[in-house]
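Keep in mind that what you see is a predicted model, and the values were worked out from it rather than measured. Residue numbers start from 1 in every chain, and the chains themselves are labelled A, B, ... in the order their sequence lines are given, proteins ahead of strands.
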Amino acid sequence: MSLLPSSSSAGFLRGLEINEAISQSFQSLKQLKHIHGALLRKNYDQDNYFISIVLRSALNFGDLCYARLVFHQSREPNVNLWNTMIRGLISNDRFSEAVDFFRLMRKEGILPNNFTLPFVLKACSRVTNAGVGVSAHCLGLKIGLDGDVFTNSALVCFYAKCGFLNDAQKVFGEASDKKNVVSWTAMITGHVEHGRFREAIHMFWGFLGAGLRPDSLTIIKVLSACIRLGDVRSGEWIYDYLTENNLRENVFVNTSLVDMFSKFGNMEKARDVFDMMPEKDLVSWSTMIQGYAFNGLPLEALDMFSRMRQDNLTPDCYVIVGVLNACARLGALEAGERASKMIDRDLFLENPIVGTALINLYMKCGCVIRAWEVFMEMRVKDKVVWNAVISGLAMSGHAMLAFSLFGQVEKIGLKPDGNMFMGLLCACTHAGLVNEGRRYFEGMVRIYSLLHTVEHYGCMVDLLSRAGCLDEAHRLIVGMPVEPNAVIWGALLNGCRLHRNIQLAETALKEMILLETWNSSNYVQLSNLYSVSQRWDDAASVRSKMNIEGIQKLRGCSWIEVDGVVHEFLVGDETHPSTKDIYSKLKELSKYLKEAGYVPTTEYVLFNIEEEEKEQSLSWHSEKLAVAFGLISTAPTAVIRVVKNLRVCGDCHEAMKLISKITGREIIIRDNNRFHSFTNGFCSCNDYW
DNA sequence: GTAGGGTTAG
C-alpha cells in the first residue's frame, strides 16, 4: 500500500500530497508510526515541518519515548520543534522535563520566540522552578519579548502562582496596555491561593473599574475569596452583578454561588440559585446536599439526595459524605448504610474523608463495633480519622479505649491537635474522670503547646460541673481569656441541676438570658427556679419579660427512622398520615403504663418545660408519638430508633423502660449524642441523670 | 500551536 507519493514527484506537489496524508488525524499510534516510516523511506526525515506533525501526534498519544526519538532525529531542530516538544511535555504533565528541555534548547543556542516563554513559564510555575522562570524573564526582556501580551500574562501567572505577589504585581502594573482578563484573573487567583482574600476582592473591584467583563474563572476565584473571608456583602453584591449582566449560565459559577450561600447559612438562597440552574451536574447536587447537611437540615439533604437519584445520577464520594453526615445527624442508620453501599467499599478504606463519615455515622448511631471495624480496615488513617474514633469512643462511654488510642497516636508520630483533646476531655466527662480531665486540659498547653478554645473550656466546665466541683467550674468560667458562651453557662447549669445548687443556677441562667435573648427555655427555667424557691414576684417578672419581648416557646421535635424511612414529629403533632392510629396506640400504651404502676412525675425542678405543660408533656411527649408510630408500623424487624434533640428527662426514661417491657421492642433514643437503649424494661445507657 | 482552566467532602 502506498501512502505517500514517490520522491520523484515535483517537490511542491509532493509536499501538498504528503501534507494531506499526514494532516489527517491518526487513529492509532500504529498508523502514525506507519506514516512516519514512509516519511523516512521517502527521505523526508530532515523536514522539520513534517517532523513537527509526527512529534505533535506522538505527544498527543502520550508516547514520550517515541516523541523524544522523533525529536532527536532532527539534526537542526528549529524553534517550532523545540516549542512543540516543550508544550507536549507540559500537556503530559511532565513539567520538570519541559523545563529541562528549555535548558537544553538554550545550551544549543536557540533563541525562544513569543510562543516559547508562555510554555516555559507555565512549566516553571508548576514545579515552582523560580530560577529558570526568572532567567526566562530576563532573556525575554533582553530579546524584546516583554512587549508580547501572552508573554506578559504568562509572567504575571508565573510570579503569582509561585507566591511572588509583589513581582507579579510589578509585571502586571508595568503593562497597563497589556492587562486583560487572564492577567487580572491570575492576580486575583494568586492572592486567593496565598490567603490574601481581602486583596483578591479588592483586585476584583479594580478589574470591574477597568471596564472588563469577568469570565467564569474570574468569578469562581473571587467568590472563593468571599467564602473564605465570610464576606457576605461582597458575595451578595457579586451575585446581583452576575444576575444583572447575564453571567449566570456557567455551571461552575452557579455551583460556586450555591456553595457560597450555603456556607453563609442562607439555604433558601442557595436553593433558589440551584433551582434556577440551566444545567446541573453531580457537583451542584453534592454542594446542595452538603449545604443542607452542614446547616442542620438533614431531612432536606436526604430529600435532595432522593431527587438526585430520580434524575438518574449516580452518587460519588462527595455526595455520599454529605448524605452520611445528614444520616449521622438524624441517627438514621439504615438510610446511611444503604447510601454507603452505593459507592465502592474501597473508597471508605482508601479515602480518609469518606471513611471518617462512615465512622461518624456508626458512632452517632451507637454502633461502636461497626465503627471500630471500619477504622481497623481503613488503609489511610490521618489525624481526623483518629479524632473521629477517639471522640466516638468517648461519646459512647469507652473512655479507657479512647485514652489508649491516644497513646497509639503518639506512638505512630502523629501530633495531637485541639480536636483530639476535645475527644479526650469528652471521654473524661462521660466517665466522670475529673483528675484525668484536669491533666489533659493542662497538658495540652504545657506539653503540646496548643491553645485552649472555648470548646475546651466548655468540656472542662461540663466535667467539673457534673462531678459537683461547681465552684471550680465557676472560677474557670470567670477566669477565661475569651468571653464564655451560652453552652458553657449551660454546662454549669446542668451541674447545678444535678447537685441542686439553686444559687449558682440562677447566675448561670441570667448569663444565658443575656447571651441568648431569643431562647425561651432559659426564661422558662429561671421562672421555674424562682417558683420552687417560692420567689413568686421574680418568677412573674421573668414571665412578663418573656411576654413583653414576644418570645415563643420552641416546640419539642423528634425524628424516628423505621426501615430506613425518617419521620418527623412535633409535640402534639397531628399532621402525620397515621395520626389516628398513632394516638390510638398511645392511648393503649398509656393504659398499659398505668396498669404497670407508672405515675407521671411533675415535681422535677429546673426542667426545660413549663410547669403547667409538664404533665401533658410527660405523657404525650413527641418521643412517645414516635414510639407509637414505630409500634404500629408494619415493619416486622424494625428497631424503633427515636432521635431526639431534647433531653431525655427522667420521667420519660421510666416510661420508655415500661414501654419496652410491655411491647418487647427495642427502643433507642438519642439525646445530645448519648444513646439510651431500652430493652425488656432495662436501659443500657451509662450516663443517665 | 501561545497566558489563568475552574465548583463539592471529615
Side-chain angles (χ1 to χ4, degrees), chain A residues 52-53 55-56 59-60 79-88 90-91 112-122 125 145 148-158 160-161 168 171-172 178-190 192-193 214-224 227 250-260 262-263 273 277 280-291 293-294 315-325 328 347-348 351-361 381-389 391-392 419:
Chain A
S52 80
I53 292 177
L55 186 59
R56 204 177 313 145
L59 289 160
N60 284 344
V79 67
N80 283 347
L81 221 52
W82 285 97
N83 287 349
T84 306
M85 196 64 198
I86 295 171
R87 186 176 68 119
I90 290 172
S91 57
N113 67 7
N114 56 320
F115 289 101
T116 320
L117 293 193
F119 296 144
V120 172
L121 290 165
K122 179 178 187 166
S125 69
L145 284 173
D148 176 63
V149 174
F150 284 92
T151 304
N152 185 271
S153 306
L155 280 166
V156 176
C157 297
F158 161 72
K161 196 147 212 158
V171 179
F172 178 72
K178 292 176 209 71
K179 285 180 183 173
N180 58 23
V181 65
V182 175
S183 53
W184 275 99
T185 306
M187 285 305 299
I188 293 170
T189 308
V192 172
E193 275 164 16
D215 64 12
S216 58
L217 264 174
T218 328
I219 299 164
I220 288 162
K221 289 298 171 189
V222 72
L223 287 179
S224 87
I227 295 171
N250 179 289
V251 66
F252 295 117
V253 167
N254 280 318
T255 305
S256 293
L257 285 171
V258 171
D259 187 39
M260 179 181 81
S262 40
K263 296 260 162 71
V273 176
M277 281 172 77
K280 299 178 176 76
D281 64 8
L282 198 56
V283 181
S284 337
W285 283 97
S286 141
T287 307
M288 204 59 214
I289 292 170
Q290 284 153 25
F294 180 78
D316 65 357
C317 51
Y318 288 86
V319 172
I320 294 301
V321 167
V323 172
L324 291 182
N325 290 340
L347 285 169
F348 289 99
N351 181 332
I353 299 174
V354 184
T356 306
L358 189 59
I359 290 179
N360 277 336
L361 172 80
K381 294 175 193 154
D382 63 11
K383 211 181 284 180
V384 189
V385 177
W386 285 88
N387 279 351
V389 181
S391 317
N419 290 332

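Remark: C1' of B:dT8 and CG of A:Asp316 are 8 Å apart, rounded to the nearest angstrom. In this structure, NZ of A:Lys383 is placed 17 Å from P of B:dG10, rounded to the nearest angstrom. Rounded to whole Å, the distance from CE on A:Met288 to P on B:dT8 is 15 Å. Separating the CZ atom of A:Phe294 from the P atom of B:dA9 is a distance of 9 Å, rounded to the nearest angstrom. The nearest whole Å value for the distance from the CG atom in A:Asn360 to the C1' atom in B:dA9 is 12 Å. Distance A:Leu121 CG to B:dG5 P: 13 Å, rounded to the nearest Å. As a whole-Å value, the separation of A:Ile219 CD1 from B:dG4 C1' is 14 Å. For the pair A:Ile90 CD1 and B:dG5 P, the interatomic distance rounds to 12 Å; values are reported in whole Å.
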Quiz item: What do the steps show when you test A:Asn113 against A:Asn83 for side chain to side chain donor-acceptor pair (under 3.5 Å), and what is the final call?
Solution: CA-CA 9 Å; A:Asn113 67 7; A:Asn83 287 349; 3.1 Å; yes
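Residue-level contact check: A:Asn80 touches the bases, meaning some heavy atom is under 4.0 Å from a base atom. Within the 4.0 angstrom heavy-atom criterion, no nucleotide atom of any strand lies near A:Ser224. Base engagement by A:Thr356 is indicated by at least one non-hydrogen atom pair under 4.0 Å involving a base atom. Residue A:Val258 is out of contact with every strand shown, counting any heavy-atom pair closer than 4.0 Å. Within 4.0 Å (heavy atoms only), A:Val354 reaches at least one base atom of the nucleic acid.
With hydrogens and angles ignored, a donor-acceptor pair under 3.5 angstrom links the side chain of A:Asp382 to the base of B:dG10. In the interface, the side chain of A:Ser256 is not paired with the base of B:dT7 through any donor and acceptor atom under 3.5 Å apart. Side-chain to base pairing of A:Asn325 with B:dG10: no donor and acceptor N or O lie closer than 3.5 Å to each other. The base of B:dA3 is paired with the side chain of A:Asn180 by a donor and an acceptor separated by under 3.5 Å. Counting atom types as modelled, A:Ser286 pairs a side-chain N or O with a base atom of B:dT8 as donor and acceptor under 3.5 Å.
Residue A:Val385 has its side chain nearest to B:dG10 when only B:dG10, B:dT2, B:dT7 are considered. Checking B:dG10, B:dA3, B:dT7 against the side-chain heavy atoms of A:Ile353 singles out B:dG10 as nearest. Residue A:Pro352 has its side chain nearest to B:dG10 when only B:dG4, B:dG10, B:dG1 are considered. In the set B:dG4, B:dG1, B:dT7, the nucleotide with an atom closest to the side chain of A:Arg87 is B:dG1. The side chain of A:Cys317 lies closest to B:dA9 when the candidates are B:dA9, B:dG10, B:dT8. Here the side chain of A:Val182 is nearest to one of B:dG4, B:dT2, B:dG1, namely B:dG4. Out of B:dG10, B:dG4, B:dG1, the shortest distance to the side chain of A:Val321 is found at B:dG10.
When atom types are taken as modelled, the side chain of A:Asn254 and the backbone of A:Asn250 share a donor-acceptor pair closer than 3.5 angstrom.
A:Asn80 places none of its side-chain heavy atoms less than 4.5 Å from the side chain of A:Ser52. Annotation: side chain of A:Phe158 is not in contact with side chain of A:Lys122 (no heavy-atom distance under 4.5 Å).
Among A:Thr287, A:Leu223, A:Ile220, the one residue that satisfies the side-chain contact (heavy atoms from CB on, under 4.5 Å) test with A:Leu257 is A:Leu223.
A sub-4.0 Å separation between OP1 or OP2 of B:dG4 and a side-chain N or O of A:Lys161 is absent. Dashed line: the shortest gap from a side-chain N or O of A:Lys263 to OP1 or OP2 of B:dA9 is under 4.0 Å.
By the stacking rule of 5.5 Å between ring centres and under 30° between planes, A:Phe115 does not stack on the base of B:dT2. B:dT7 has no base stacking with the ring of A:Phe252 when judged by centroids under 5.5 angstrom apart and an interplanar angle below 30°.
Partners of A:Ser256 under the side chain to side chain donor-acceptor pair (under 3.5 Å) rule, at least two apart in sequence or in another chain, do not exist in this structure. The side chain to side chain donor-acceptor pair (under 3.5 Å) check on A:Asn180 picks up A:Ser183, with sequence neighbours excluded.
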